[in-house]
Amino acid sequence: MSIRLPTWVWIGAIALSCVAGMVNVVGFLGFEHQAVSHMTGTTSQLGMALAQRDWRVVGHLWGLLIAFCLGAMLSGMIVQDSTLQLGRRYGVVLTLESLLLLAAIPLFKQHQIWGALAAAMACGLQNAMATTFSGAVVRTTHLSGMFTDLGIGLGHLLRGLPLPIRRLTLSGLIVSGFLAGGVIGAGLFLRFGYDALLAPALLTGGTGLGYVLYRQWALLRAR
C-alpha cells in the first residue's frame, strides 16, 4: 500500500462525504424523517411496510430506492467508468447533483415526497461518480464499508500484520467528513429549515462548474 493518493482524491472524499452528511441529516429532520444518502435502512423499512401492508409507505420507500438507483445509473452513463481519474466528466455529475438539491428545497417545503426523491437521486449520482482508486474503495454517502475497513485494520494491528494505511486513512477521513456534514447540516436546518440544502448545492455546483472549466482548459492546453 505504498501508492500515494493524489491530493484531489483526499479533498474530494472529505468534501463529498460532508455534502452527503448534510443532505442525509436534512432528510432525517424533514417531514418524512427518511435517510436519503444510503438505502440499507430504507430497504429494511420497506420490508416492514410490506409486512404491515402500509401501501402508502411502500410506495414512498420504493420511490426512494428507485430514485437512488436512477441517480447511479445516470452517473454511470455520464462518467462511464468506475475508476477515479482526472479528466472524466465529474463536473457534469456534480452540477446535476447541485440542480437536484436545489429542486428538492421547494418540494420539501411543500411537504412532497418528491423532495426526498430528488435528494436521494442526488446522492445516487454522487455515490456512483467515483468508486475506486488504486484499490482504495471510495464511498461517500454511507459509512458501513468505511467502518468495516477500520475494523479490519484494527484486527490486523492486533495480529501484528501490515496495516493498509492508505485505505484506513481514507476511511477515517470519509467518516469524519460525513460526521462533520451531519453537524453542519443539523445546525443549518434548525436555523434555516430546508434552505439548509443550499449549502451542499452551492458546494457541489461551484465545484462542478469549476471542474468543467478546468477540464476544458486542460483539453485546450493538450492540443
Side-chain angles (χ1 to χ4, degrees), residues 5-6 8-24 26-27 34-43 61-105 107 113-146 170-171 173-174 177-178 181 185 197 199-216 218-219:
L5 288 171
W8 66 272
V9 174
W10 298 113
I11 296 173
I14 298 170
L16 290 177
S17 60
C18 186
V19 164
M22 284 189 275
V23 175
N24 201 47
V26 171
Q34 182 63 56
V36 295
S37 74
H38 54 88
M39 297 293 106
T40 305
T42 302
T43 304
L61 295 172
W62 266 121
L64 287 169
L65 294 171
I66 292 171
F68 190 93
C69 288
L70 285 175
M73 179 188 74
L74 185 57
S75 180
M77 292 172 60
I78 296 169
V79 178
Q80 299 178 3
D81 202 289
S82 62
T83 303
L84 279 165
Q85 180 178 318
L86 271 177
R88 296 211 167 95
R89 302 176 69 188
Y90 301 129
V92 177
V93 174
L94 288 170
T95 303
L96 287 175
E97 180 181 357
S98 175
L99 292 174
L100 283 167
L101 292 175
L102 289 173
I105 295 173
L107 295 171
I113 189 60
W114 293 102
L117 297 182
M121 188 173 181
C123 290
L125 265 169
Q126 176 180 308
N127 202 49
M129 181 178 65
T131 56
T132 59
F133 186 90
S134 299
V137 178
V138 181
R139 293 282 193 260
T140 58
T141 66
H142 55 88
L143 302 180
S144 297
M146 303 301 105
L170 184 62
S171 296
L173 287 173
I174 290 173
F178 196 94
L197 287 177
L202 291 175
L203 179 58
T204 53
T207 304
L209 290 175
Y211 187 86
V212 168
L213 293 175
Y214 163 80
R215 189 167 181 265
Q216 293 302 314
L219 290 173

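Atom-to-atom distance recorded for S17:OG and L173:CG is 8.0 Å, nearest 0.5 angstrom. Within the model, atoms CG of L170 and CE of M146 stand 6.5 Å from one another, a figure rounded to the nearest 0.5 Å. One distance of note links CG of L65 with CG of L70; it measures 11.0 Å at 0.5 Å rounding. With rounding to the nearest 0.5 angstrom, the OG1 atom of T43 is 10.5 Å from the NE2 atom of H38.
Residues Q126 and A20 share a closest heavy-atom pair of NE2-CB, 3.8 Å. Between L203 and A15, the shortest heavy-atom contact is CD2-O, 4.2 Å. Here the closest heavy-atom approach between residue F178 and residue T140 is recorded as CD1-O, 4.0 Å. Nearest heavy-atom pair, M22 versus G181, reported as atom, atom and distance to 0.1 Å: CG-O, 3.1 Å. Closest heavy-atom contact between V79 and Y90: CG1-CE2, 3.9 Å. Between A13 and I174, the closest heavy-atom pair is CB-CG1, 4.0 Å.
In terms of the side chain to side chain contact (heavy atoms under 4.5 Å, CB included) criterion, residue partners of T204 (sequence neighbours excluded) are, by chain and number, V19, L94, E97, S98, L101. Taking the side chain to side chain contact (heavy atoms under 4.5 Å, CB included) definition, one finds that L107 meets it with Q112, W114, sequence neighbours left out. In this structure, T207 has no side chain to side chain donor-acceptor pair (under 3.5 Å) partners at least two apart in sequence or on a different chain. For the side chain to side chain contact (heavy atoms under 4.5 Å, CB included) test, residues two or more places apart in sequence or in another chain that qualify with L74 are I78, L96, M121, L125. By the side chain to side chain donor-acceptor pair (under 3.5 Å) test, T141 is found to be paired with N127, residues two or more places apart in sequence or in another chain being considered. In this structure S37 satisfies the side chain to side chain donor-acceptor pair (under 3.5 Å) test together with N24, sequence neighbours excluded. With sequence neighbours excluded, the residues that form a side chain to side chain contact (heavy atoms under 4.5 Å, CB included) with I11 are T7.
Two residues are said to be in side-chain contact when any heavy atoms from C-beta on lie closer than 4.5 Å; Q34 and L64 meet this criterion.
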